[in-house]
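Only one structure is covered here, and it is reproduced in the block below.
For this chain, numbers begin at 1 and follow the sequence in order. Values below: all heavy atoms of this structure, side chains included; hydrogens, waters and symmetry mates excluded.
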Amino acid sequence: MTYRVCFVCTGNICRSPMAESVFRARVAEAGLEDRVKADSAGTGGWHEDDPADPRTASVLEEHGYDSEHVARQFQPSWFGRLDLVIALDTGHLKALRRLAPTEEDARKVHLLRSYDPAAGDDLDVPDPYYGRRGGFEECLEMVEAASAGLLAAVQEQLEGRAA
């Protein structure tokens with residue numbers, strides 16, 4: 001059975017496609033591509049069908065990640081097929097939990113940086129969209145730092161399913 005993770009930010013052109021790309025790379029490194037699938041979406045549909053922001057794409061490419069992406073809006077009906085919904089900031093977390101059809105679905109929603117022990121109380125990945133390129137680099141650092149912990153949590157869930 002495939003374990004499914006969806007990363008969600010505002011418009012699905014900056015943070016969530018970055019998180020999706022980094023996490024997919026971690027999944028591949030762990031040899032779990034056949035067991036774990038990742039995708040991403042936005043809480044809003046402003047950028048539907050657009051590629052990732054060019055700054056996101058260039059930062060990903062410079063660091064060796066895939067930057068292929070088409071933006072889409074998160075749909076509440078997706079909860080039924082997802083195991084984890086990863087929010088990039090507390091605003092997304094709240095919006096997604098409000099969209100969840102059931103309490104069980106709401107419990108699937110977590111903040112990405114909650115998987116990074118070094119994050120402390122600052123669990124938001126700031127939106128780099130209105131800033132300079134450095135904000136995209138900072139975003140990537142946060143995403144990379146949290147991805148190892150997220151992968152470990154997913155691996156633990158997979159082992160629990162196999163038992």
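- Using a 4.5 Å heavy-atom threshold, the side chains of D49 and V70 count as touching.
- Rounding to the nearest 0.5 angstrom, the gap separating the CG atom in L32 from the CG atom in L151 is 6.5 Å.
- The existence of a salt bridge linking K108 and D83 is excluded, since no basic side-chain nitrogen approaches an acidic carboxylate oxygen closer than 4.0 Å.
- Few gaps surround CD on Q75; more than 12 heavy atoms of other groups in view lie less than 6.0 Å from it.
- Side-chain contact check for Q73 and H47: no donor-acceptor pair (N or O, by modelled atom type) lies under 3.5 Å.
- Within 6.0 Å of atom CZ in R132, 12 or fewer heavy atoms from other residues, nucleotides or ligands are found, so the atom counts as exposed in its surroundings.
- Using a 4.0 Å cut-off between charged nitrogen and carboxylate oxygen, E104 and R107 do not count as a salt-bridge pair.
- A salt bridge between R113 and D122 is present, with a side-chain N of the basic residue lying under 4.0 Å from a carboxylate O of the acidic one.
- By the ring-ring contact (aromatic ring centres under 6.0 Å, His included) test, F23 is found to be paired with F7, residues two or more places apart in sequence or in another chain being considered.
- Remark: E29 CD is packed, more than 12 non-hydrogen atoms of other residues, nucleotides or ligands lying under 6.0 Å away.
- Side-chain contact between H69 and N12 is present, with at least one heavy-atom pair separated by less than 4.5 Å.
- Between R72 and D39 there is a salt bridge, with a side-chain nitrogen of the basic residue lying less than 4.0 Å from a carboxylate oxygen of the acidic one.
- A distance of 9.5 Å separates CD1 of I86 from SG of C6, quoted to the nearest 0.5 Å.
- With Y129 as the aromatic partner, R15 does not meet the cation-pi criteria of under 6.0 angstrom to the ring centre and within 45 degrees of the ring axis.
- Remark: E62 pairs with R133 by the salt bridge (Lys or Arg N to Asp or Glu O under 4.0 Å) rule, at least two apart or across chains.
- In this structure, a donor-acceptor pair under 3.5 Å is present between the side chains of Y65 and E144.
- In this structure the side chain of L150 reaches within 4.5 angstrom of the side chain of L84, judged on heavy atoms.
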